[in-house]
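Labels below follow one simple rule: chain letters A, B, ... track the order of the sequence lines, proteins then strands, and each chain is numbered from 1.
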There are 2 protein chains.
Amino acid sequence: MKKKAEVGEDPLNGTFRLENFLPYRLSVAEEAVSRVIARDHLAQSGLTMPEWRLIAAVGRFGVISPTAAGAHAGMDKVKVSRAAASLVGRGLLRQAHDPSDGRGRLLRLTRKGLAIHADLAPTADAIETALMESLTKTERTVLHKALAKLSAHAGMLLRPNGADVHE
Amino acid sequence: MKKKAEVGEDPLNGTFRLENFLPYRLSVAEEAVSRVIARDHLAQSGLTMPEWRLIAAVGRFGVISPTAAGAHAGMDKVKVSRAAASLVGRGLLRQAHDPSDGRGRLLRLTRKGLAIHADLAPTADAIETALMESLTKTERTVLHKALAKLSAHAGMLLRPNGADVHE
DNA sequence: TATTGTTATACTCTATAACTATA
DNA sequence: TATAGTTATAGAGTATAACAATA
């Protein structure tokens, strides 16, 4: 009787190591980093990550449409719309009609929003510095480049067409 | 009257570039990669990411406790418990009582679960290969190392104690 | 007919804590 | 009292599609 043998047949043969799997490591790193930011910075300001990103995008350009802001912050229009509504409610953002297009809006920060934005840049620098401390100069450079390549490549794999790996 | 000047005072001065901010780039890369996996692999098997990870952990060790599996898959006990319940419901996982500790459980894959696990390793290799294609050998090596360092460093920053950046 | 933006819905995830059963 | 695991609950995030107004 080899019943037991069938069930237990060398369970280690397909030695796949989750901890060496790039997507897993990416996910772990991303979660750890997000957690630091959420706890040490967002929590105090009462901002969510999408709100924080929107403030960064609007603050950088001064006046910008929701669509353009979303493109810069990696958010779709629904997320932008909700983050904007929330920020308006807290008096950090102003939404005006675009005089040149009746459908469009123009976003700009209020004085309160600008104050938060002014804080945001040095805070982000501090975060980045704190995180980057653990890396050598080469690692920092390569990491940035590798992440950019990975994002682009994954994005390409995602296209409905080129989607197939084994083509 | 300098009202206008106050509101609009050089909005570009704190030139913080979200797209160069490491946590943002990490998040973008992670999302893109997750999306590829979810769409091209998980969707077809009907597995969620936690379920996939749990199968990987159990499949690798053959027999393992939920706690130990969670430690290997980066999941807390609640997530493990839910993923396990779901996998048991689909006939992919078996939960037995730990004879040496009445509180503990022992997880092992069913034959069906083993079949999925057997598929999982080559699939993961294909994903990894497809993603890594875009990187040079050096970039791959450095990326792995940098992610490990970053995770560890962020984890350290998260400790209730050492939490302070400016100590 | 296409586009900008808002709203609705349903689903997944996450975090916390309460709970059980053992130790 | 502490630990292994389960269950409950509420909050936040996500995706999708339906919708209104305008182009």
Side-chain angles (χ1 to χ4, degrees), chain A residues 27-28 30-39 42-43 45-54 57-58 63-71 73-89 93-107 158 160, chain B residues 24 27-28 30-39 42-43 46-54 57-58 63-89 93-108 158 160:
Chain A
S27 157
V28 168
E30 196 274 335
E31 274 171 39
V33 168
S34 293
R35 218 170 285 250
V36 171
I37 297 177
R39 201 206 47 180
L42 295 181
S45 62
L47 294 174
T48 65
M49 186 64 84
E51 289 164 2
W52 189 89
R53 286 186 182 182
L54 184 55
V58 176
V63 178
I64 191 172
S65 73
T67 300
M75 295 156 62
D76 64 23
K77 61 183 184 173
V78 175
K79 205 179 284 184
V80 171
S81 174
R82 292 215 174 99
S86 162
L87 292 176
V88 167
L93 186 74
R94 242 164 50 79
Q95 253 178 337
H97 291 276
D98 183 342
S100 72
D101 184 334
R103 300 167 301 181
R105 303 283 156 102
L106 291 177
L107 306 178
L158 257 187
Chain B
Y24 174 70
S27 157
V28 168
E30 196 274 334
E31 275 171 39
V33 168
S34 292
R35 217 172 287 250
V36 171
I37 297 177
R39 201 205 49 178
L42 296 182
L47 295 174
T48 65
M49 185 65 85
E51 288 164 4
W52 190 88
R53 285 187 182 180
L54 184 55
V58 177
V63 178
I64 191 172
S65 74
T67 300
H72 280 282
M75 297 158 61
D76 63 24
K77 62 182 184 175
V78 176
K79 205 179 285 185
V80 171
S81 175
R82 291 213 175 100
S86 162
L87 291 176
V88 167
L93 187 74
R94 244 164 49 80
Q95 256 178 334
H97 291 276
D98 182 343
S100 72
D101 185 334
R103 302 167 300 181
R105 303 282 156 104
L106 291 176
L107 307 177
R108 81 175 63 220
L158 257 186

Please give, in whole Å, the distance from [N] [atom2] to [X] [atom1]?
X: A:Glu31; N: D:dA12; atom1: CD; atom2: C1'; answer: 15 Å
X: B:Ile37; N: C:dT12; atom1: CD1; atom2: P; answer: 18 Å
X: A:Asp101; N: D:dT22; atom1: CG; atom2: P; answer: 10 Å
X: B:Ile64; N: D:dG5; atom1: CD1; atom2: P; answer: 10 Å
X: A:Leu47; N: D:dG13; atom1: CG; atom2: C1'; answer: 16 Å
X: B:Leu106; N: D:dG5; atom1: CG; atom2: C1'; answer: 13 Å
X: A:Arg53; N: D:dA12; atom1: CZ; atom2: P; answer: 18 Å
X: B:Met75; N: C:dA15; atom1: CE; atom2: P; answer: 13 Å

### Task
Show the numbers, then the answer: is there a side-chain contact (heavy atoms from CB on, under 4.5 Å) between B:Leu106 and B:Ile64?
CA-CA 5 Å; B:Leu106 291 176; B:Ile64 191 172; over 6 Å; no

From [options], pick the nucleotide closest to the side chain of [X]?
X: A:Arg103; options: D:dA21, D:dT6, C:dA15; answer: D:dA21
X: A:Lys77; options: C:dC13, D:dA15, C:dG5; answer: C:dG5
X: A:Ser65; options: D:dG5, C:dG5, D:dT22; answer: C:dG5
X: A:Arg82; options: C:dT16, C:dT9, D:dA23; answer: C:dT9
X: B:Val78; options: C:dC13, C:dT6, C:dA17; answer: C:dA17
X: A:Lys79; options: D:dT14, D:dA17, C:dT4; answer: D:dT14

### Query
Can any side-chain N or O of B:Glu31 pair as donor or acceptor with the backbone N or O of B:Val28 at less than 3.5 Å?
no

### Query
So, the side chain of A:Ser34 versus the backbone of A:Glu30: is there a donor-acceptor pair under 3.5 Å, distance only?
yes

### Query
Between C:dG5 and A:Gln95, is there an OP1 or OP2 to side-chain N/O distance shorter than 4.0 Å?
no

### Query
Between B:Ala85 and A:Pro99, which has a closest nucleotide on DNA chain D that is more 5'?
B:Ala85

## Note on the structure
Note: for B:Arg35 and B:Pro66 on DNA chain D, the residue whose nearest nucleotide lies more 5' is B:Pro66

### Message
Any base atoms under 4.0 Å from A:Glu51, or only sugar-phosphate, or nothing? Heavy atoms, all strands.
### Response
nothing

### Query
Looking for any heavy atom pair under 4.0 Å, which part of the strands does B:Asp98 touch: base, sugar-phosphate only, or nothing?
nothing

### Task
Check the side chains of B:Arg53 and A:Ser27 for a donor-acceptor pair under 3.5 angstrom, ignoring hydrogens and angles.
yes

### Distance in Å, A:Arg105 CZ paired with A:Thr67 OG1, rounded so as to fall on 0.5 Å steps
11.0 Å

### Task
Take A:Ala84 and B:Asp76, find for each the nucleotide of DNA chain C with the closest heavy atom, and name the residue whose nucleotide sits nearer the 5' end.
A:Ala84

